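Have a look at the structure below, then the notes.
Because the structure is predicted, anything quoted here is derived from the model rather than measured. Counting convention: from 1, in listed order, for ligands and their atoms alike.
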Amino acid sequence: MTDDAFDKDGRKPLTKLAQAGRKPEWTGMPGQPGGIVSPPVWRASTILYDDVAHLRQAAGRSTHERLFYGRKGTPTAWSLADALTEMEPGAEGTMLFPSGVAAIACTLMAVLKPGDRLLMVDSAYDPTRNFCEQMLNNYGIETIYYDPLIVDFAVYLEDGPIRAIFLESPGSLTFEVQDIPAITAWAKANGVVTLLDNTWATPLYFPALSHGIDISILACTKYIVGHSDVMMGSVTATADWFAKIRQTAYLFGQMTSPDDAWLASRGLRTLGVRLKQHQDSALAIAHWLKDQPDVARVLHPALPDCPGHDQWRRDFSGSTGLFSFILKGGDEQARAALIDGLAHFGIGYSWGGFESLALPVDPARYRSATRWQAEGPAIRLHIGLEDPADLIADLDAGLARFRVLRDTICDGA
Ligand SMILES: *Cc1c(COP(=O)(O)O)cnc(C)c1O
């Protein structure tokens, strides 16, 4: 388990969550004592200047954390961006995006150019793959998928240089944990930039830049917002990359609304207590599922049989609420019977809110470098903040519904 060993200012991450991003000029009135706790919602498109000279002066200098025009943000978004930067020791800055996918897309466009080759983890979030195949492909950028468990990429250099390695750890749907320190060491030695989708762990449980990652991407939609009511993405990068990503975001006109930034900041303050509860409840449910005779496997990084579990133990300081399990036998219909009758789990995309969710997932559809084989259909759970005893009882009844259908179908065959 790691802690904030790389943090120069000595504050623990939970203290930072409470304090980060609160500059006096964003929370008080000029010339007046006192200040409000949280930066309020600063809504703006036009910024008015005193005269032409001031207008020209504003246009001629960096707009970073300076009022210039609404698209460059206001203190509400800067406060959130600063807070996310403070959570990532080694970071130069953070840019915010209207969704996690927008953050991934813009970062790939910032890093890659025609003729480049990108190594993409085979367990990546499905829309990330889509962007590579349907957009990067058009610009002459080749995507090569790799097994999430490998650490040596030398074989890929035989066909030409590699520009970037994209990681997602644990992997979407299947939760393999990558050996990030080994991969980033290889990448640095070979002049390759590393990008990580860090949505599952957040910087609280995995400060990515301290582990050698150059660019860390979050779907803030999930745990940062935490209440299933805002779409947002963020990109936090080292000094080598931040300016380039910021410039690319400006060129694409990417921004977030002040109201959404304010909600995300509000979510961020309670990230510590929420994740702790998500972690505890998800672990209780994962262990219970593991002991059920109708469950073939539980895919959770904190369970010893999860591929990459040793890496998780070594590098992460916690686990969160999202994991999958594989049923023993059964088909689509039997899986649907389990999910459809659940009383406390919603059926829907996304995750990271306070509510539990159950989703049928079919990992084999989103793989090309590795083969996904399983003993039956898979279900991804997001464990929310409900009482885990209620959730276990709900899943227990669901497994009974599954069993009836599975065994009836088998008998009839
Ligand atoms: C949801 C998700 C995204 C995309 O975020 P959106 O805000 O929905 O666009 C990216 N990566 C992972 C791992 C996700 O779960």
### Message
Can you confirm whether more than 12 heavy atoms, excluding those of Tyr139, are under 6.0 Å from its OH atom?
### Response
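No, OH of Tyr139 has 12 or fewer neighbouring heavy atoms, counting only those of other groups under 6.0 Å.
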When you pair each N or O of ligand 1 with protein N or O atoms, which pairs come out under 3.5 Å?
unit_1	atom_1	unit_2	atom_2	d
ligand 1	7 (O)	Gly100	N	2.8
ligand 1	7 (O)	Thr221	OG1	2.6
ligand 1	9 (O)	Gly100	N	3.1
ligand 1	9 (O)	Val101	N	2.9
ligand 1	11 (N)	Asp197	OD2	2.6
ligand 1	15 (O)	Lys222	NZ	2.7
ligand 1	15 (O)	Trp351	NE1	3.0

### Thr221 side chain reached by Ser350 side chain, heavy atoms, under 4.5 Å
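Answer yes - side chains close enough.
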### Query
Got a salt bridge between Lys328 and Glu375, using NZ or NE/NH1/NH2 to carboxylate O under 4.0 Å?
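Judged by the 4.0 Å cut-off on N to carboxylate O distance, Lys328 and Glu375 do not form a salt bridge.
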### Which atom of Ala237 lies closest to which atom of Ile245, heavy atoms considered
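Heavy-atom minimum between the residues: CB-CD1, 3.9 Å.
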### Task
Go through the steps for Phe206 and Phe316 under the test ring pair (Phe, Tyr, Trp, His ring centres under 6.0 Å), then give the verdict.
CA-CA 5 Å; Phe206 186 75; Phe316 289 60; 4.6 Å; yes
### Message
Using ring centroids (six-membered ring only for Trp), state whether Tyr146 and Tyr156 fall under 6.0 Å.
### Response
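Judged by ring-centre distance (under 6.0 Å), Tyr156 and Tyr146 do not meet the cut-off.
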